[in-house]
Participant: 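Below is one structure. I have some questions about it.
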Amino acid sequence: MTESKDNIEPNNKSEVKKDFEPKILGFLCNWCSYAGADLAGVSRLQYPPNIRVIRVMCSGRVDPVFVADALLKGIDGILILGCHLGDCHYGEGNYEAKANYEMLQILLKNIELEKRVELNWVSAAEGTYFSQIVSDFTENIRTMGPSPLSPKNKDFPEKSLISKMEAIKRVVSDGRIRKLVGRERSILNQGNVYEEKVDEDKYANILEEAVQTEYIRNYIYVTLKNNPSSVRDLSRKLKLASSEVLSHILVLRQRGLVNLTTIKDLSPIYIAIE
Ligand code: FES
């Protein structure tokens, strides 16, 4: 079950400042996209200077934790560029990038930040295409305004949004989710040890459910870290049924992440302990 929309009100309604210059972070794979950017440079093609480039050996090297970290630090937009599918110099790195991106999109939709992260493919010969992508993305971000997590945003800091982003960072760091995402290609193409294959729709549903469940669970954890609460308080705050909150608390206790701290007004109060 996903969290109620009422409770995850995005905070990106601030007025767009006319002089707003977006901070864009670009992760470019060394072999194709970075060479494409180089070509744009030597061809003197124009594109906005807002992008700061980090060269990585492969788009598959862009850990979703890097993206979550950058968003938490208030970066307005993130562009991940790799070789076209089938052209990765390490085989299937860009398929890994695609799987990570799809997981991030599921999570970022919860806080309406998904349009601030884009994945695209640029070859070494596509200097013009590179400059077009950077120009279009920068304009889209400019239209959206500063990230709601940026100190430039007049409503900053919005505490619950920061907690939700921290929960997202915890989900993308989670070994179970990473294993599921990392095995996407083999689950779809080779199947399990009994050679039972899962079709794409079914895999997408499994991923969505697993990722959203972990998102809620981690949001409960982060909330308890900031403020020890009862199941009833959490249920009210997250607009979830008490039984659902309790089931997540039980899992978090089994993982050794949450403990009972005291009893208040006959209600157990839980606290995050890591
Ligand atoms: Fe470019 Fe893998 S080497 S995406």
Side-chain angles (χ1 to χ4, degrees), residues 22-71 73 75-109 113-138 140-141 168-169 171-175 177-190 200 203-204 207 211:
K23 276 192 180 162
I24 312 276
L25 190 58
F27 290 102
L28 272 56
C29 105
N30 181 56
W31 302 104
C32 291
S33 312
Y34 193 83
D38 235 6
L39 181 61
V42 296
S43 309
R44 298 184 181 275
L45 297 169
Q46 296 290 314
Y47 59 86
N50 304 64
I51 188 165
R52 295 291 177 271
V53 169
I54 296 178
R55 176 160 46 164
V56 291
M57 291 312 283
C58 174
S59 61
R61 176 68 184 86
V62 183
D63 195 304
V65 175
F66 301 164
V67 177
D69 253 339
L71 289 171
K73 288 190 166 69
I75 288 290
D76 300 303
I78 298 166
L79 205 46
I80 304 165
L81 301 177
C83 308
H84 286 271
L85 290 173
D87 289 345
C88 173
H89 289 234
Y90 301 97
E92 298 193 341
N94 45 11
Y95 282 99
E96 282 178 34
K98 184 170 170 284
N100 285 331
Y101 174 74
E102 285 162 0
M103 167 183 59
L104 273 166
Q105 288 292 301
I106 294 171
L107 287 162
L108 293 175
K109 274 181 189 162
L113 289 187
E114 77 279 10
K115 291 197 174 78
R116 291 183 181 269
V117 181
E118 184 176 309
L119 172 71
N120 218 320
W121 317 123
V122 175
S123 78
E126 292 178 315
T128 307
Y129 188 45
F130 171 82
S131 68
Q132 188 63 53
I133 286 175
V134 174
S135 303
D136 290 350
F137 186 66
T138 306
N140 286 344
I141 299 293
I168 288 174
K169 185 179 166 188
V171 176
V172 298
S173 313
D174 186 296
I177 295 293
R178 290 169 75 95
K179 201 167 178 185
L180 178 62
V181 173
R183 291 201 59 220
E184 177 183 330
R185 294 269 291 159
S186 65
I187 291 171
L188 295 178
N189 299 333
Q190 294 155 22
E200 274 187 41
Y203 173 80
L207 181 67
V211 164

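Only a predicted model underlies this, so the values are computations on that prediction, with no experimental measurement involved. We count ligands from 1, going down the list as the structure has it; atoms in each ligand are counted the same way.
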Participant: Regarding D63 and R178, does a basic nitrogen lie under 4.0 Å from an acidic carboxylate oxygen?
Facilitator: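 Salt bridge between D63 and R178, a charged N being under 4.0 Å from a carboxylate O: yes.
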
Participant: Hey, could you give me the CG/OG distance between L39 and S131, rounded to the nearest 0.5 Å?
Facilitator: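 So the CG of L39 and the OG of S131 are separated by 9.5 Å.
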
Participant: For residues K115 and N140, determine if any side-chain heavy atom of one lies less than 4.5 Å from a side-chain heavy atom of the other.
Facilitator: no

Participant: Quick one: sort the F130 and Y47 rings into parallel, tilted or perpendicular, breaks at 30° and 60°.
Facilitator: perpendicular

Participant: So that I can check it, does any N, O or S atom in C29 come closer than 2.8 Å to atom 1 (Fe) of ligand 1?
Facilitator: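 Yes, since at least one N, O or S atom of C29 sits under 2.8 Å from atom 1 (Fe) of ligand 1.
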
Participant: Does R61 come within less than 4.0 Å of ligand 1, judged by its heavy atoms?
Facilitator: no

Participant: Which of the numbered atoms in ligand 1 are below 4.0 angstrom from a heavy atom of Y90?
Facilitator: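 Answer, ordered by atom number: 3 (S).
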
Participant: Using a distance threshold of 2.8 Å, state whether an N, O or S atom of H89 lies below it from atom 2 (Fe) of ligand 1.
Facilitator: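 So H89 does not bind atom 2 (Fe) of ligand 1 by this criterion.
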
Participant: Between the candidates C88, C83, G60, which shows the shortest non-hydrogen contact distance to atom 2 (Fe) of ligand 1?
Facilitator: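 The option holding the nearest heavy atom is C88.
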
Participant: What's the verdict on side-chain contact (heavy atoms from CB on, under 4.5 Å) for N120 and F137, showing C-alpha distance, side-chain angles and the deciding distance?
Facilitator: CA-CA 11 Å; N120 218 320; F137 186 66; over 6 Å; no

Participant: Can you tell me if N50 uses its side chain to pair, donor with acceptor, with the backbone of I24 under 3.5 Å?
Facilitator: no

Participant: Which of the atoms in ligand 1, numbered in the order shown and given with their element, are less than 4.0 Å from a heavy-atom of M57?
Facilitator: 3 (S)

Participant: Could you tell me, atom by atom, which parts of ligand 1 come under 4.0 Å of a heavy atom of W31?
Facilitator: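 Once the distances to W31 are compared, the set is 3 (S).
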
